[in-house]
Amino acid sequence: MADLQATLDSIYSDILPRIGEGKVADYIPELAKVDPRQFGMAIVTVDGQVFRVGDADIAFSIQSISKVFTLTLALGKVGEGLWKRVGREPSGSAFNSIVQLEHESGIPRNPFINAGAIAVTDVVMAGHAPREAIGELLRFVRYLADDESIAIDDKVARSETQTGYRNVALANFMRAYRNLDHPVDHVLGVYFHQCALAMSCEQLARAGLFLAARGSNPMTGHSVVSPKRARRINALMLTCGHYDGSGDFAYHVGLPGKSGVGGGIFAVAPGIASIAVWSPGLNKVGNSQLGALALEMLAARTGWSVFGD
Ligand code: GLU
């Protein structure tokens with residue numbers, strides 16, 4: 001691992017001339033204000049080394065990457081029963097597609113498209129008022145990353161609450177199909193706050209390290225999930241983690257990962273390291289353009305693809 005810093009530095013210098021490529025998400029007004037000319041990357045290895053480059057310490061809106069954390073919480077609460085509420089297949093449709101949800105009678109295709117994540121949030125809320133559920137999620141992420149400074153960006157949460165019309169439609173649809181137990185505005189209140197979690201690349205790589213290390217965080221000693229559950233969450237990220245760009249991401253990068261419209265991508269090299277990259281400019285399917293490129297370079301330069309080197 002000695003030359004991992006050199007690998008990160010080489011990726012950074014190859015990316016720099018292209019900085020600013022892609023288009024920031026503008027359907028959430030607060031995200032439209034983010035300067036696209038930023039790039040950060042962090043790697044945390046299972047033996048506890050941390051490598052960083054660029055803007056790796058700047059907190060950004062993790063958006064859909066939060067779906068990995070709520071999925072982990074929901075599986076902890078209801079186990080395999082979760083799969084009555086949501087499927088496990090790639091969607092092949094946009095992350096906020098309504099058509100697919102109607103076709104499939106209110107059971108979303110997977111936990112990483114918006115409808116699926118909203119159903120997962122509904123599961124996490126059982127027995128909690130919305131405010132408590134948000135608190136539980138925040139505590140969980142701080143515990144995973146071993147970092148009490150992680151916070152929710154209220155401006156982003158408010159901005160999305162005011163403009164998240166499609167998510168309101170998806171949630172109402174699921175409620176009509178009885179796949180939502182709580183009132184739509186309560187579930188969306190929690191969902192918008194989870195998406196508004198602000199984390200840096202380093203915090204994110206630390207928080208997700210358990211997925212690279214058979215369910216336990218070797219830096220904190222915390223056992224988070226069983227090895228089997230970690231493997232399965234990774235499988236879902238590999239097949240469903242990048243909207244309808246998931247196949248392309250597996251082809252080019254070959255690592256389980258989850259992206260968010262804030263421009264972050266979290267990825268896992270099982271048994272080796274967790275990785276987070278952030279660059280706000282998105283490609284056509286909503287994944288960070290330079291983030292995906294940087295991960296492709298990393299996989300090529302380290303041989304970490306799960307499909308072989
Ligand atoms: N909060 C965003 C939404 O629901 C998350 C989208 C994403 O990152 O994919 O629209």
Side-chain angles (χ1 to χ4, degrees), residues 22-34 36 59-71 86 90-98 100-101 108-122 124 130 134 137 141 152-174 180 184-199 201 204 208 236-237 240-246 248-249 257-267 276-289 291-292:
K23 202 172 160 296
V24 294
D26 55 7
Y27 74 101
I28 301 172
E30 255 331 279
L31 293 185
K33 296 182 189 160
V34 176
F60 61 89
S61 192
I62 72 165
Q63 293 295 318
S64 276
I65 302 172
S66 65
K67 296 171 183 174
V68 177
F69 302 127
T70 45
L71 173 65
V86 58
S91 72
S93 308
F95 66 99
N96 54 10
S97 171
I98 291 175
Q100 189 168 57
L101 191 60
R109 196 57 89 82
N110 69 63
F112 294 147
I113 51 172
N114 282 11
I118 292 166
V120 168
T121 298
D122 185 62
V124 168
I134 295 168
L137 175 65
V141 173
I152 289 171
D153 185 333
D154 287 321
K155 266 199 196 157
V156 173
R158 213 171 312 124
S159 181
E160 195 171 357
T161 306
Q162 285 159 1
T163 56
Y165 309 113
R166 286 189 78 95
N167 288 322
V168 176
L170 290 170
N172 272 303
F173 233 100
M174 284 191 289
L180 219 57
V184 163
D185 56 333
H186 288 193
V187 184
L188 288 179
V190 178
Y191 172 76
F192 291 145
H193 280 81
Q194 81 181 50
C195 290
L197 269 163
M199 294 170 75
C201 289
L204 200 50
L236 288 164
M237 288 200 292
C240 312
H242 299 271
Y243 319 115
D244 50 343
S246 298
D248 206 50
F249 189 84
K258 181 72 203 88
S259 64
V261 295
I265 305 178
F266 165 68
V277 60
W278 170 59
S279 184
L282 307 180
N283 63 18
K284 280 199 207 83
V285 287
N287 297 313
S288 171
Q289 180 149 323

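These numbers come from a predicted model, not from an experiment. For ligands, and for the atoms within them, numbers begin at 1 and follow the listed sequence.
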* Asked: Is there side-chain contact between C201 and F60, with heavy atoms separated by less than 4.5 Å?
  ->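 A side-chain contact under 4.5 Å exists here.
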
* Which atom names give the shortest non-hydrogen contact between Q194 and Y191, and what distance separates them? ->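 Nearest pair, atom of Q194 first, then Y191: CG-O, 3.0 Å.
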
* Nearest heavy atoms of I134 and G189, plus distance in Å ->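 Taking every non-hydrogen atom into account, CD1-O, 4.2 Å.
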
* To do: Check side-chain contact (heavy atoms from CB on, under 4.5 Å) between A25 and all other residues, then give those that pass, not counting sequence neighbours.
  =>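 Only Y27, L31, V261, L282 meet the side-chain contact (heavy atoms from CB on, under 4.5 Å) criterion with A25.
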
* **Reference residue P130; test side chain to side chain contact (heavy atoms under 4.5 Å, CB included); the match among V187, L188, D185, V190** =>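 Checked V187, L188, D185, V190 against P130; only one passes side chain to side chain contact (heavy atoms under 4.5 Å, CB included): V190.
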
* Side-chain H-bond candidate by donor/acceptor type, N167 with N114, under 3.5 Å ->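 Short answer, yes.
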
Atom pairs and distances, ligand 1 N/O vs protein N/O under 3.5 Å:
| residue | atom | partner | partner atom | Å |
| --- | --- | --- | --- | --- |
| ligand 1 | 1 (N) | Q63 | OE1 | 2.5 |
| ligand 1 | 1 (N) | E160 | OE1 | 2.8 |
| ligand 1 | 1 (N) | E160 | OE2 | 2.7 |
| ligand 1 | 4 (O) | N114 | ND2 | 2.9 |
| ligand 1 | 4 (O) | E160 | OE2 | 3.1 |
| ligand 1 | 4 (O) | N167 | ND2 | 2.9 |
| ligand 1 | 4 (O) | Y191 | OH | 2.7 |
| ligand 1 | 8 (O) | S64 | N | 3.0 |
| ligand 1 | 8 (O) | S64 | OG | 2.8 |
| ligand 1 | 8 (O) | Y243 | OH | 3.3 |
| ligand 1 | 8 (O) | V261 | N | 2.8 |
| ligand 1 | 9 (O) | S64 | OG | 2.6 |
| ligand 1 | 9 (O) | Y243 | OH | 2.5 |
| ligand 1 | 10 (O) | Y27 | OH | 2.6 |
| ligand 1 | 10 (O) | N114 | ND2 | 3.3 |
| ligand 1 | 10 (O) | E160 | OE2 | 3.4 |

